[in-house]
Amino acid sequence: MKKALLLLFSALVVSCSLYTRNADDIINDLRDARHAEYVNVGSGLLGLGRILSPTLSESSIGINSVQVLDLSKCNGNVRDKFRKHLQNLYKNRYYEEIMTNQRGDDNLMVLARRDGQYVTELVLANASMTADALVVINGHINIENVERIINDRSNYFIK
């Protein structure tokens, strides 16, 4: 009886760990795919950009790092896997839906992970027939700045 309960408990733990994927797991899983383009802009480079450009300084208050994964040149299997990961991410209870915009096959999704009044992770995902991309913005972002970042998504996604 103890073995059966232990087996059921371990199966539950494994299934929960597979279900609770986060954005970093998606990036780590797909960034090495053939024709995938991945860029990680860390805090040092962001700090240099703040010094050189006042507009970047204003829009990036509280941002520590930005990761961008572009899968638009990858084959269909990788892009389908990306879309399945996005569905699991959307169902993840640790993320709060900020915005979802769906037109036909084009789907833009913005999710946030919050710590009190600050956003610690902002995920912008674009899944469409022409472009699949994921942008993960980490930091200590004020709620007022989140709307500005979302509205400025043209800097992240090329249409």
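Residues take their numbers from the sequence shown, with the count starting at 1.
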Checklist entry - Under the side-chain hydrogen bond (donor to acceptor under 3.5 Å, both in side chains) criterion, do Y95 and R113 qualify, and how do the steps go? => result CA-CA 5 Å; Y95 287 98; R113 186 181 287 193; 3.2 Å; yes
Next on the checklist: side chain to side chain contact (heavy atoms under 4.5 Å, CB included) for I63 and I141? Distances and angles first, verdict last.
Outcome noted: CA-CA 6 Å; I63 297 174; I141 306 165; 4.2 Å; yes
Next on the checklist: Going by salt bridge (Lys or Arg N to Asp or Glu O under 4.0 Å), name the pairs with one or both residues in residues 64-75, residues two or more places apart or in two chains.
Outcome noted: E37-K73
Next on the checklist: D24: which residues meet the side chain to side chain donor-acceptor pair (under 3.5 Å) condition with it, sequence neighbours left out?
Outcome noted: Q67
Checklist entry - If we only count heavy atoms from C-beta on, is the V123 to V110 side-chain gap below 4.5 Å? => result no
Next on the checklist: For a side chain to side chain contact (heavy atoms under 4.5 Å, CB included) check, start with the C-alpha distance between V66 and V135, then their side-chain angles and the critical distance, and finish with the verdict.
Outcome noted: CA-CA 7 Å; V66 178; V135 177; 4.1 Å; yes
Next on the checklist: Less than 4.5 Å apart, side chain to side chain, heavy atoms only: is that true for L111 and L89?
Outcome noted: yes
Checklist outcome for this item: What one should report as the nearest heavy-atom pair of A131 and S72 is CA-CB, 3.8 Å
Item to check | Partner set under side-chain contact (heavy atoms from CB on, under 4.5 Å) for Q117, not counting sequence neighbours | outcome: none
Item to check | From CD1 (I26) to CG (L69), nearest 0.5 Å | outcome: 9.0 Å
Checklist entry - For A125 and L86, which heavy atoms make the closest approach, and how far apart are they? => result CB-CD2, 3.6 Å
Next on the checklist: Surrounding OH of Y38 (heavy atoms of other residues, nucleotides or ligands, distance under 6.0 Å), is the total greater than 12?
Outcome noted: yes
Next on the checklist: Suppose the criterion is ring pair (Phe, Tyr, Trp, His ring centres under 6.0 Å): which pairs have a residue in residues 63-84, not counting sequence neighbours?
Outcome noted: none
Next on the checklist: Holding to side-chain contact (heavy atoms from CB on, under 4.5 Å), I want the full list of residues that pass it with R83, two or more places apart in sequence or in another chain.
Outcome noted: R79, D80, A127, D132
Item to check | Residues that T120 engages under side chain to side chain donor-acceptor pair (under 3.5 Å), provided they are two or more places apart | outcome: none
Checklist entry - Quick one: does V136's side chain get under 4.5 Å of L134's, heavy atoms only? => result yes
Checklist entry - By side-chain contact (heavy atoms from CB on, under 4.5 Å), which residues pair with K81, not counting sequence neighbours? => result D29, L30, H85
Next on the checklist: List the residues meeting side-chain contact (heavy atoms from CB on, under 4.5 Å) with I143, not counting sequence neighbours, and say none if there are none.
Outcome noted: R114, V119
Checklist outcome for this item: Residue set satisfying ring pair (Phe, Tyr, Trp, His ring centres under 6.0 Å) with H140, at least two apart, ordered chain then number -> Y118
Item to check | Check: N28 main-chain N/O paired with D25 side-chain donor or acceptor under 3.5 Å | outcome: no
Checklist entry - What's the spacing between S65 OG and N40 CG if we round to 0.5 Å? => result 6.0 Å
